[in-house]
Amino acid sequence: GADDFLNKPIDPLELTARVRSLIRTKQLYEEVEASRHELEIRVAQRTRELQVAYQRLQELDKVKSNILAIVAHELRTPLMRIQSGLWVLTQPDMAADSKMQAQQTLEESLAQLAFRIADVDLFSDPSSMKIGAVAVADLIYGALEQVRVLQPRYVKDIAIDIERDIPPALVDATVITRALAHILDNAVKFGEDHPIAIRSFTRNDRLLIEVEDNGPGMPDSMMGTLFT
């Protein structure tokens, strides 16, 4: 069962050569094993990275699908108003004040439609966000300006309370302003005409922006699924 053998009498030179050959073979084997082990580690690490990247892509795709579904739903309202307004304007026997009201509805609906279409471009690729330091007041007042586009006939003032000396927020200004506008828009829609307030403050080294309304709210059973 021997792998190798020497004839007697043993030749010292041949023995030395055989030993050196075996040592070299062992060294090569150990190098191959070390390389194999290192390769396995790299493959495992790369596999984990690919799995994380794939999971991230799935999450982004889910976000995009959800946003597009919401936007598609939100597009229907201004489109229906535009259709209605155009129909009124084409009626020869329609009263002048009705046509003026239809004209106003058309202008408001077109602005809302442009706003919703811009949402698709803004939120379709969350990975393209540009983070920078932004004054909280700029975020809030920018959101209020956008709410006037979404709710042009809402005449009540929204109460604003910003803590003094509040630090800037490290965010994508365009995205966060838009998100705040949508939250405020939701408060106007479902706040049942009650007062609405937006405030910002710090707590435990965290910067918070809070919107308060008096709408029906959401059932407790759904709260855990809002951001999943």
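These figures come from a predicted structure and were not determined experimentally.
The CG atom of Leu106 sits 5.5 Å away from atom CG of Leu89, with the distance rounded to the nearest 0.5 Å. In this structure, Ser200 OG and Ile166 CD1 are separated by 3.0 Å, a value rounded to the nearest 0.5 Å. Rounding to the nearest 0.5 Å places CZ of Arg46 at 13.5 Å from CG of Leu39. Distance check: Leu139 CG to Leu144 CG gives 11.0 Å after rounding to the nearest 0.5 Å. Rounded to the nearest 0.5 angstrom, Arg18 CZ and Ile23 CD1 are separated by 14.0 Å. To the nearest 0.5 Å, the span separating CG on Asp185 from CZ on Arg178 amounts to 11.0 Å.
Taking a 6.0 Å sphere around CD of Gln101, one finds it holds 12 or fewer heavy atoms contributed by other residues, nucleotides or ligands. Within 6.0 Å of CE in Met94 there are more than 12 heavy atoms belonging to other residues, nucleotides or ligands.
The ring pair (Phe, Tyr, Trp, His ring centres under 6.0 Å) pairs that include a residue from residues 49-96 number zero, where partners must be two or more places apart or lie in different chains. Judged as a side-chain hydrogen bond (donor to acceptor under 3.5 Å, both in side chains), the pairs with a partner in residues 160-172 (not counting sequence neighbours) are, in order, Glu163-Thr202.
Between the side chain of Ser21 and the main chain of Ala17, no donor-acceptor pair closer than 3.5 Å is present. One N or O on the side chain of Ser35 and one on the backbone of Glu31 form a donor-acceptor pair closer than 3.5 Å. Side-chain N or O atoms of Gln112 include one that pairs as donor or acceptor with a backbone N or O of Leu150 at under 3.5 Å. Lys189 places no side-chain N or O within 3.5 Å of a backbone atom of Gln151 that could act as its donor or acceptor partner.
Residues Lys62 and Gln58 are not in side-chain contact: their nearest non-hydrogen atoms beyond the backbone lie 4.5 Å or more apart. A 4.5 Å side-chain heavy-atom check between Val171 and Val175 finds every atom pair outside the cut-off. For the pair Glu59/Leu57, no side-chain contact is recorded, criterion being any heavy-atom separation below 4.5 Å from C-beta on.
Cation-pi geometry between Arg24 and Tyr29 is not satisfied (NZ or CZ under 6.0 Å from the ring centre, within 45° of the ring normal).
In terms of hydrophobic clustering, with Ile, Leu, Val, Met, Phe, Trp and Tyr side chains grouped at heavy-atom distances under 4.5 Å, Ile158 and Val136 are assigned to a common cluster. If you chain together hydrophobic residues whose side chains sit under 4.5 Å apart, Val88 and Met100 never meet in one group. Hydrophobic clustering (ILVMFWY, side-chain heavy atoms < 4.5 Å, transitive): Ile196 and Ile198 are in one cluster. Leu184 and Tyr141 fall within a single hydrophobic cluster, where Ile, Leu, Val, Met, Phe, Trp and Tyr are joined by side-chain heavy atoms under 4.5 Å apart, directly or via other members. With hydrophobic clusters built from ILVMFWY side chains whose heavy atoms lie under 4.5 angstrom apart, Ile183 does not share a cluster with Phe115.
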**Study point:** Lys99 vs Asp93, salt bridge (charged side-chain N to carboxylate O under 4.0 Å, His left out): CA-CA, chis, key distance, verdict
**Key:** CA-CA 10 Å; Lys99 289 191 174 184; Asp93 55 345; over 6 Å; no
Point to revise | Val188 vs Asp193, side chain to side chain contact (heavy atoms under 4.5 Å, CB included): CA-CA, chis, key distance, verdict | key: CA-CA 7 Å; Val188 173; Asp193 209 32; over 6 Å; no
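Across all their heavy atoms, Ala102 and Gly85 have their closest contact at CB-O, 3.8 Å. When all heavy atoms of Ser109 and Ile82 are compared, the pair lying nearest together is CB-CG1, 3.6 Å. Ala135 and Pro168 get closest at one heavy-atom pair: N-CB, 4.4 Å. Nearest approach of Ala95 to Asp97, heavy atoms of both residues: CB-OD1, 3.2 Å.
Between Glu145 and Arg148, at least one side-chain nitrogen of the basic residue sits less than 4.0 Å from a carboxylate oxygen of the acidic one, meeting the salt-bridge criterion. A salt bridge does not link Asp213 to Lys156: none of the charged nitrogens lies less than 4.0 Å from a carboxylate oxygen.
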Enumerate, atom names and distances included, each donor-acceptor pair closer than 3.5 Å involving a side-chain atom of residues 203-211, sequence neighbours excluded.
from	atom 1	to	atom 2	distance (Å)
Glu210	OE1	Arg199	NH1	2.9

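In the model, Gln51 has no side-chain atom that pairs as donor or acceptor with a side-chain atom of Gln55 under 3.5 Å.
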